[in-house]
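Note that the structure is predicted; figures quoted are calculated from it, not measured. Numbers restart at 1 for each chain; the letters A, B, ... are given by sequence-line order, proteins then strands.
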Protein chains: 2
Amino acid sequence: MMSRKDAAARLALTEPVEDYLKAIYELETRHGVAATSDVATALAVAPASVTGMIRRLAMHGYLDHVPYRGVQLTDDGRRAALRTIRRHRILESYLTSVLGYPWDRVHDEAERLEHAASDELIERLAVALGHPTQDPHGAPIPTVDGTVDERPHRTLADLAIGERARMVQVSDKNPQLLRYLAEIALQPGTAVTMIAKAPFGGPLTLRIGTADAMVGPSLAEQVRVEPVTDARTVPPRARKSTTG
Amino acid sequence: MMSRKDAAARLALTEPVEDYLKAIYELETRHGVAATSDVATALAVAPASVTGMIRRLAMHGYLDHVPYRGVQLTDDGRRAALRTIRRHRILESYLTSVLGYPWDRVHDEAERLEHAASDELIERLAVALGHPTQDPHGAPIPTVDGTVDERPHRTLADLAIGERARMVQVSDKNPQLLRYLAEIALQPGTAVTMIAKAPFGGPLTLRIGTADAMVGPSLAEQVRVEPVTDARTVPPRARKSTTG
DNA sequence: GAGGAAAGTTAGGCGAGCCTAAATTGCAAA
DNA sequence: TTTGCAATTTAGGCTCGCCTAACTTTCCTC
């Protein structure tokens with residue numbers, strides 16, 4: 001029998017290890033529990049590989065694992081995952097705000113840099129940005145001590161006709177979607193009004209500023225919104241050009 | 001028999017591969033040829049590990065290897081090495097000039113980032129810096145097409161008494177040395193005059209600006225200088241504060 | 001020229017992460 | 001309750017990059 005304390009040395013936070021913890025964290029916040037096969041899909045590896053890594057992560061106290069039942073992050077695991085996510089989002093913010101990257105191309109770059117950057121670098125970037133609270137896609141940036149505001153949000157598809165809302169977030173992983181949103185000028189902070197919904201899950205018509213845009217239902221499901229509480233649109237943070 | 005063309009696929013430029021090519025390039029420019037044991041020392045691995053990697057690199061056309069005689073980079077190998085060195089030096093420049101890193105702490109950070117950064121990122125940093133030609137330690141930055149000015153320079157220890165010279169370069173790998181140089185205000189572009197040399201390889205006295213500084217002979221050997229051709233000191237490039 | 005030290009290579013092994021194929025388990029529908 | 005499928009784990013194997021130990025080669029000295 002091998003308890004987590006028998007582990008010879010602390011597990012090094014290698015690139016694969018950080019990627020697993022991040023993926024498990026994201027699945028856990030979305031579905032409450034991370035399934036082996038979902039982790040495998042997220043990381044593009046075989047399910048058997050996930051089982052192997054899960055065993056190592058659990059042995060080192062990052063996960064609680066009940067065989068055949070799924071995994072849960074421990075406090076240690078959650079802390080490690082949030083550290084990686086903070087790095088990722090700060091990097092994305094810096095790349096867009098300071099270096100002029102378009103928002104559809106920052107994900108892959110941040111994905112690689114997040115494993116190589118030191119804590120000092122990340123904090124210098126955060127300072128240069130004025131300690132941003134959201135990344136360019138509207139995702140909240142965890143603090144250094146590991147707290148995040150992961151409120152669930154409604155999607156664009158949930159809006160009733162005539163309802164007004166403000167876009168708050170979109171996944172950073174779909175460049176094509178991001179390019180389309182840039183085209184119709186829909187970004188975090190933008191207010192939208194639902195104009196019309198075609199029946200049977202057909203396209204939706206949105207008013208964005210003074211223009212109308214037609215969007216498919218699958219797109220609408222990927223865009224998160226929140227109610228507009230004040231009269232006028234207020235962007236959640238200062239934003240620079242993301243044209244590249 | 002296996003020629004380099006039989007290699008199934010192109011060798012991936014992984015982190016170790018880039019490190020080996022860079023180390024071999026640096027040894028080659030210093031000593032004409034890279035010895036297995038010197039590569040091993042530079043990378044802190046066992047000589048047998050170097051032999052193994054050399055075989056792979058030679059098989060893929062990055063090196064010419066004559067067993068027991070040492071290695072030479074091919075054009076492909078030199079190109080790959082210079083690409084990594086360019087990334088390293090641009091990163092060091094950005095970290096000091098834009099993010100305020102002290103020059104004794106940029107090496108390790110750049111060492112990790114150089115493997116993760118995309119070409120696009122490196123070129124954006126170069127643009128932001130105005131296409132610098134030297135890094136903070138005075139090392140020349142290779143161009144995108146792989147050319148560098150690697151002129152050999154005399155060292156501070158070579159100066160005759162009364163001789164005036166301009167510091168051009170110092171290794172980025174010795175933080176302690178770099179901190180001391182910062183303390184006596186000696187950096188690339190600074191003019192110095194040799195005031196006195198103690199006999200039997202004793203300490204040297206230098207005039208830097210209006211102050212005199214005593215330096216050991218081993219330090220003096222690590223600082224490269226060139227003759228001062230014009231009347232006044234001209235820094236080779238705009239420089240920002242490196243206090244951190 | 002011979003001998004030995006130093007340098008380089010070969011042999012054999014290890015861990016991390018990945019794979020496929022073959023069990024095993026859990027769940028849901030009949 | 002049984003049965004079958006989907007999810008998961010185990011078994012066994014691979015490559016990369018590293019190691020130590022044992023060997024070969026080179027080269028320097030006598």
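Ring pair W103(B)/H137(B) is parallel by interplanar angle, where below 30° counts as parallel and above 60° as perpendicular.
What separates CE of M53(A) from P of dC19(C) is a distance of 11 Å, to the nearest Å. What separates CE of M59(A) from P of dT9(D) is a distance of 15 Å, to the nearest Å. We find that CG of L63(B) is positioned 15 Å from C1' of dG8(C), with the value rounded to whole Å. The nearest whole Å value for the distance from the CD1 atom in I54(B) to the P atom in dA7(C) is 15 Å. Straight-line distance from the CZ atom of R55(A) to the P atom of dT9(D): 11 Å, rounded to whole Å. In this structure, H60(A) atom NE2 and dG15(C) atom C1' are separated by 12 Å, rounded to whole Å. Between L43(B) atom CG and dC19(D) atom P the separation is 10 Å, expressed in whole Å. As a whole-Å value, the separation of H31(A) NE2 from dA7(D) P is 14 Å.
Taking the six-membered ring for Trp and the full ring otherwise, the centers of H107(B) and H88(B) sit less than 6.0 Å from each other.
Distances were taken from every side-chain heavy atom of T51(B) (C-beta onward) to each of dC19(C), dT9(D), dG8(C); the shortest belongs to dG8(C).
Under 4.0 angstrom from either OP1 or OP2 of dA6(C) there lies no side-chain N or O belonging to S37(B). Between Y68(A) and dT10(D) there is no side-chain polar atom (N or O) within less than 4.0 angstrom of OP1 or OP2. Side-chain nitrogen and oxygen atoms of Y20(B) include at least one within less than 4.0 Å of the OP1 or OP2 phosphate oxygen of dC18(D). Close to dT9(D), at under 4.0 Å from its OP1 or OP2, lies a side-chain N or O of H65(A). Regarding contacts with the backbone of dT9(C), a side-chain N or O of T36(B) is found under 4.0 angstrom from either OP1 or OP2. A sub-4.0 Å separation between OP1 or OP2 of dC19(C) and a side-chain N or O of S49(A) is present. Using a 4.0 Å cut-off, no side-chain N or O of R69(A) falls inside it from OP1 or OP2 of dT9(D).
Judged by closest nucleotide on DNA chain C, A35(B) is the one of A35(B) and T14(A) placed further toward the 5' end.
Proximity of V223(A) to L219(A): side-chain heavy atoms (C-beta onward) are separated by under 4.5 Å at one or more points.
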Legend entry - Candidate pair Y101(A) and R124(B), rule side chain to side chain contact (heavy atoms under 4.5 Å, CB included), full reasoning: CA-CA 9 Å; Y101(A) 267 74; R124(B) 278 181 191 266; 3.2 Å; yes
Inset, instruction - Might you work through the side chain to side chain contact (heavy atoms under 4.5 Å, CB included) test for R30(B) and L27(B), ending with a clear yes or no? - result: CA-CA 5 Å; R30(B) 269 210 299 279; L27(B) 289 168; 3.9 Å; yes
